[in-house]
Protein chains: 2
Amino acid sequence: MPIEAESPRAWRAVLEHVERRLLDGDLLPGERLPGERALAADLGVGRSSVREALRVLEAMGLVRTASGSGPNAGAIIVATPGGAMSALMRLQVAAHGFPVADIVRTRLILESAVAGELAERAGAEAGLETLRSSTGEGAGLETLRSSTGEGAGLETLRSSTGGSSTGGSSTGGSSTGEAGGLPAAERLLDAMDSPDLEPAEFLALDAAFHLALAEASGNQVVTATMAGLRSSIEGYALDGLARIDDWHATSARLRREHRGVVDAIRAADAPTARRRIHDHISGYYAETFPEPAPTPAAAPAHA
Amino acid sequence: MPIEAESPRAWRAVLEHVERRLLDGDLLPGERLPGERALAADLGVGRSSVREALRVLEAMGLVRTASGSGPNAGAIIVATPGGAMSALMRLQVAAHGFPVADIVRTRLILESAVAGELAERAGAEAGLETLRSSTGEGAGLETLRSSTGEGAGLETLRSSTGGSSTGGSSTGGSSTGEAGGLPAAERLLDAMDSPDLEPAEFLALDAAFHLALAEASGNQVVTATMAGLRSSIEGYALDGLARIDDWHATSARLRREHRGVVDAIRAADAPTARRRIHDHISGYYAETFPEPAPTPAAAPAHA
DNA sequence: GCTGGTATGTGGTCGGACCACAGTATCAGA
DNA sequence: TCTGATACTGTGGTCCGACCACATACCAGC
């Protein structure tokens, strides 16, 4: 739409071409892009430019490329925002574009909202019990997403750019939310009760738990964003591990707080759920970071 | 950190090299990357691979490239997450990775939190009045960000990948928040009072207003995310314009609601600010989208 | 019918070659 | 000496051709 003078950059033309085809709907997830050579010939650019555009698309989590031949080869449209968001935020933090404090503040906002929403939904479900399917989450105005089911499975997440450590949970699938939902999160809590757990392993499970909560909310955007937020400060979290005096006591407290959050959600007590997850995150970072508390003026989330 | 077997992909090695240098701190914003040929020679890869990695970095808002010679040429480290976030979310929506409903739901979460936080801060400032500077926003654990001031200015935002229409407001600068703050948002409201405004122009100003609120919160992550959310559904917003019966009445209502939000913030009434911004966004999308309301079960934000 | 090698096409990478561009050094002229 | 235009140098931007590794599809031979 924007005139913007056709950028002399050839690779951008390729990018815009793909985006337009995507928007026009004749390029659905699971389908294959034309070959690099064909695309170059079609658009009148060199293959290098096509490849640069494809690298961007790959980094954005839009395509998955594979060598060889057959139906799985080539550039296939996928939609795995988790890895892309992680890479983006991780790099921005590395380049001092995202202050760590803002990352934490955003975590507070999103996770409080997620916990509150889950609790409210639990209350609503307990109330009218039967027609659970009618409150379908992510399927607001897009029910066609079932067409994704073919090539955009949960695997191959790792092939995205940043894929360092988004956590074990998948991010792409589970179209209507509730892919495991709260039970999945609680399974992670059970795993965290294992006494012989390295701090780093505990931290990984902790990350997976928080991500599972977001997934349970059924909001793909929040899920991907939280994956990005988490992985962007993972290095700091690992460093902060050394700052903890009594790991045993700390991990016990974290486990207790996790259970408290889930309990509040199950009890449909939204304000308590919000407050508990907020204090949980806020408290952990206050303990593990040297600087003053990340929460700025007042408690931002729960009124 | 993760072993992950050195990806056979050469361009990824370049990406990781740059990321490591970034994390090690010997590559600060404003500084220049080595030339493509030198980088290729250093890492033992071809220039094509270096270029593919640079395209990814450019798309992620990490570098800004310029031809020619001199201090402004080459790949310069910047940190402009706004454009990158916009491109990422826009493409994800185009590829059906982000349902539009989830975009709207996330807007509700973030903007409610922003409005509430601004209101609370207004109350805090009114209370202790003098030591305003001590509640510095984004400068939680990173005060070194003033080093950004040289090359990572507000301009050159446009050169990022998606740069279609993030809105007029800048996204990269304003390190300690409050770059205009609420007054900037109110200036936009004044501009929206102009009677001879095309609906599309009004919409652009509306987007800028919401972004200005986020900027006023001083949270770079939220600001960039909101820029992305907004631009990702801009096409839908424009399409929805045709769905509005009486544009005059609608625009008057929107203006009134905007003022109401700012008034609540100025009055330090956080719950009201949250509710008003929530209803504002929710109401607009209910009017402009055909499907059922995007808000799922209950009012998610304000308890 | 099954098995194995082969043909084909894919992305991945490299190296080279140009171009346009923007500074900078150089040198001729006043 | 100063000034101006010129040539030079190095940058990214693009294209091209070539090769490789790989995975499938095909087909001859068993």
Side-chain angles (χ1 to χ4, degrees), chain A residues 4-18 30-59 62-78 150-151 155-156 158-161, chain B residues 5-18 30-60 62-78 151 155-156 158-161 163:
Chain A
E4 191 151 341
E6 67 299 326
S7 321
R9 267 82 90 70
W11 62 272
R12 192 168 294 219
V14 181
L15 209 53
E16 287 165 6
H17 170 79
V18 174
E31 292 185 358
R32 287 185 36 188
L33 242 58
E36 297 179 351
R37 295 165 176 86
L39 209 46
D42 288 351
L43 300 180
V45 300
R47 186 155 88 106
S48 319
S49 302
V50 171
R51 300 200 89 249
E52 292 181 16
L54 286 182
R55 285 298 80 70
V56 172
L57 288 175
E58 186 175 347
L62 259 291
V63 302
R64 167 183 72 83
T65 61
S67 292
S69 169
N72 284 343
I76 296 181
I77 300 288
V78 296
E150 185 219 335
E155 71 285 27
T156 74
R158 276 336 226 321
S159 68
S160 97
T161 290
Chain B
E6 67 300 325
S7 321
R9 266 80 93 67
W11 63 272
R12 194 168 293 219
V14 180
L15 208 53
E16 287 165 6
H17 170 79
V18 173
E31 292 185 359
R32 287 185 38 189
L33 242 57
E36 297 178 351
R37 295 165 177 85
L39 210 46
D42 288 351
L43 301 181
V45 299
R47 185 154 89 106
S48 319
S49 302
V50 171
R51 301 201 90 251
E52 291 180 17
L54 285 182
R55 285 298 79 73
V56 173
L57 287 175
E58 186 176 346
M60 295 289 203
L62 259 291
V63 302
R64 166 184 72 83
T65 62
S67 293
S69 168
N72 284 341
I76 296 181
I77 300 288
V78 297
E155 70 287 23
T156 73
R158 277 346 248 291
S159 68
S160 99
T161 290

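Every chain is numbered from 1 and lettered A, B, ... according to where its sequence line falls, protein lines coming before strand lines. All values below come from the heavy atoms of this structure, side chains included, with hydrogens, waters and symmetry mates left out.
- Legend: residues meeting side-chain contact (heavy atoms from CB on, under 4.5 Å) with A/Ser48, ordered by chain and number and at least two apart, are absent.
- Counting any heavy atom pair closer than 4.0 Å across all strands shown, B/Ala66 reaches sugar-phosphate atoms only and no base atom.
- When heavy atoms are screened at a 4.0 angstrom cut-off, A/Gly70 is found touching the sugar-phosphate backbone but no base atom.
- Between the side chain of A/Arg37 and the base of C/dG11, at least one donor-acceptor pair of N or O atoms lies under 3.5 Å.
- At a cut-off of 3.5 angstrom, the base of C/dG12 holds no donor-acceptor pair with the side chain of A/Arg55.
- Rounded to a whole Å, the CG atom of A/Asn72 is 10 Å from the C1' atom of D/dT24.
- In terms of phosphate contacts, A/Arg9 brings no side-chain nitrogen or oxygen within less than 4.0 Å of OP1 or OP2 of D/dT14.
- DNA chain D is contacted by both A/Ser67 and A/Val50; A/Val50 maps to the nucleotide lying nearer its 5′ end (nearest heavy atom per residue).
- The nearest whole Å value for the distance from the CG atom in A/Leu33 to the C1' atom in C/dT10 is 13 Å.
- For D/dG13, one of the phosphate oxygens OP1 or OP2 lies less than 4.0 angstrom from a side-chain nitrogen or oxygen of B/Thr65.
- Using a 4.0 Å heavy-atom distance criterion, A/Gly68 is classed as a base contact.
- Taking every side-chain heavy atom of B/Ser48 into account, C/dC14 is the closest of C/dC14, C/dG23, C/dG11.
- Put simply, the side chain of A/Arg47 and the base of D/dT14 share no donor and acceptor less than 3.5 Å apart.
- For A/Ser49, a side-chain nitrogen or oxygen approaches OP1 or OP2 of D/dC15 to under 4.0 Å.
- Interface remark: the A/Arg12 side chain does not form any donor-acceptor pair with the D/dG13 base, using a distance-only criterion of under 3.5 Å.
- Contact detail for B/Leu39 and B/Pro34: the closest heavy-atom pair is CD1-CG, 4.0 Å.
- Residue A/Arg32 has its side chain nearest to C/dT10 when only D/dT14, D/dG12, C/dT10 are considered.
- As a whole-Å value, the separation of B/Glu52 CD from D/dG13 P is 14 Å.
- For the pair B/Arg55 and B/Glu52, the salt-bridge criterion is not met [side-chain N within less than 4.0 Å of a carboxylate O].
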